[in-house]
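FYI, the numbering just counts along the sequence from 1. Any value given below was found using the heavy atoms of this structure, including those in side chains, with hydrogens, waters and symmetry copies removed.
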Amino acid sequence: MDRASTMVRRAVATLRLAVSHIDERAAVPPHDCNCLRAAGMIWTDDLAIGSGMSVQLAVAHPRGAQVIHHVFRPDNSPQRLATGDVLPPTSAAATALALPHDGRCVFAAKPDADAAELATVVPCPKAPEHAAALSVTGPADLLHPALSASVRYRHLLCHAAASIRVSLTAGKPTRA
């Protein structure tokens with residue numbers, strides 16, 4: 001009895017330890033993320049090509065925003081896939097999801113010197129609580145709202161967000 005009960009206690013303790021250390025990346029995003037990702041793929045690729053920047057599509061997460069789709073910068077530089085990462089609440093994507101979904105763009109400088117993020121919300125027409133944030137990450141001197149260069153990127157971002165919403169409304173990916 002004592003050998004078997006010791007093994008069971010160790011197994012239970014190991015499971016509890018494993019459960020307590022589950023990575024945030026394992027958090028399950030809303031059930032319709034695959035539809036959202038499918039509707040956004042065409043437009044996020046176009047946005048990355050048009051802006052020359054990294055593009056992310058993220059949904060709300062208890063600790064900020066979780067990236068469900070990531071498109072690399074089209075410059076062939078070394079990059080890391082961010083799908084599944086949880087962005088902090090100070091990120092532009094998380095801030096955009098927390099604000100009213102009125103189509104505004106949110107700017108947030110990254111902790112490292114030159115990088116910044118510009119994000120807007122893609123409202124989900126059938127379930128507003130499952131809205132997503134569409135963001136571009138690039139040089140701060142191009143994305144800062146006080147500079148005239150950011151007008152182009154805000155326009156590209158808002159156009160892509162509106163196009164993703166049309167695709168979601170149509171129920172299938174579309175280039176309409």
Side-chain angles (χ1 to χ4, degrees), residues 23-27 29-30 33 36-124 128-168 173 175:
D23 187 22
E24 292 172 343
R25 292 172 60 117
C33 282
L36 180 61
R37 187 180 304 114
M41 278 187 184
I42 296 168
W43 300 106
T44 54
D45 287 345
D46 284 351
L47 181 58
I49 291 167
S51 68
M53 297 182 193
S54 172
V55 177
Q56 297 176 338
L57 191 61
V59 294
H61 184 274
R63 295 196 178 217
Q66 185 174 20
V67 177
I68 62 167
H69 184 61
H70 177 227
V71 180
F72 291 131
R73 291 183 309 274
D75 63 1
N76 293 328
S77 63
Q79 300 172 60
R80 183 185 72 81
L81 185 64
T83 301
D85 286 359
V86 177
L87 304 174
T90 57
S91 70
T95 304
L97 287 168
L99 293 174
H101 302 167
D102 57 3
R104 74 178 80 184
C105 288
V106 176
F107 173 83
K110 294 278 190 176
D112 50 348
D114 300 351
E117 182 184 11
L118 191 64
T120 192
V121 171
V122 178
C124 185
E129 68 277 5
H130 293 306
L134 180 65
S135 66
V136 292
T137 304
D141 59 344
L142 293 177
L143 297 177
H144 197 285
L147 303 173
S148 61
S150 72
V151 172
R152 175 178 184 262
Y153 299 103
R154 285 183 291 177
H155 174 73
L156 288 170
L157 188 63
C158 290
H159 175 71
S163 299
I164 292 170
R165 184 168 196 260
V166 168
S167 293
L168 284 170
R175 281 219 180 254

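- Shown here are the salt bridge (Lys or Arg N to Asp or Glu O under 4.0 Å) partners of Arg73, two or more places apart in sequence or in another chain: Asp75.
- The closest donor-acceptor contact from the side chain of Glu117 to the backbone of Ala92 lies under 3.5 Å.
- Counting all heavy atoms, side chain and backbone alike, Met41 lies closest to Thr44 at O-OG1, 3.1 Å.
- Scanning all heavy atoms of the two residues, the minimum distance from Ala93 to Ala58 falls at CB-CB, 4.4 Å.
- Residues Leu142 and Met53 are in side-chain contact: their nearest non-hydrogen atoms beyond the backbone lie under 4.5 Å apart.
- Residue Ser91 holds its OG atom at 8.5 Å from CG of Leu97, rounded to the nearest 0.5 Å.
- Taking Ser51 as the reference, nothing meets the side-chain hydrogen bond (donor to acceptor under 3.5 Å, both in side chains) condition, with sequence neighbours excluded.
- Of the possible donor and acceptor atoms, one in the side chain of His70 sits under 3.5 Å from a partner among the backbone N and O of Ala82.
- In this structure, Ser150 and Pro145 approach most closely via the heavy-atom pair OG-CA, 3.5 Å.
- Between atom CD1 of residue Ile42 and atom CG of residue Leu47 there is a gap of 13.5 Å, rounded to the nearest 0.5 Å.
- Contact check for Cys158 versus Cys105: side-chain heavy atoms found under the 4.5 Å cut-off.
- Between Gln56 and Leu87 the shortest side-chain heavy-atom distance falls below 4.5 Å.
- The CG atom of Asp85 sits 13.0 Å away from atom CD1 of Ile68, with the distance rounded to the nearest 0.5 Å.
- A distance of 11.5 Å separates CG of Leu143 from CG of Asp114, quoted to the nearest 0.5 Å.
- Taking each heavy atom of Ala160 and Leu134 in turn, the nearest pair found is CB-CD2, 3.7 Å.
- Every residue two or more places apart in sequence or in another chain was checked for a side-chain hydrogen bond (donor to acceptor under 3.5 Å, both in side chains) with Arg152, and none qualifies.
- Between the side chain of Ser54 and the backbone N or O of Phe72, no donor-acceptor pair lies under 3.5 Å.
- Summarising the geometry of Leu57 relative to Ala132, their closest heavy-atom pair is CD1-CB, 4.0 Å, with the distance given to 0.1 Å.
- To the nearest 0.5 Å, the span separating CZ on Phe107 from CZ on Arg154 amounts to 11.0 Å.
- Summarising the geometry, atom CD1 belonging to Ile164 is positioned 7.0 Å from atom CG belonging to Leu36; distances are rounded to the nearest 0.5 Å.
- Ring geometry for His155 against His159 counts as parallel: the plane angle stays under 30°, on a 0 to 90° scale with 60° as the upper cut.
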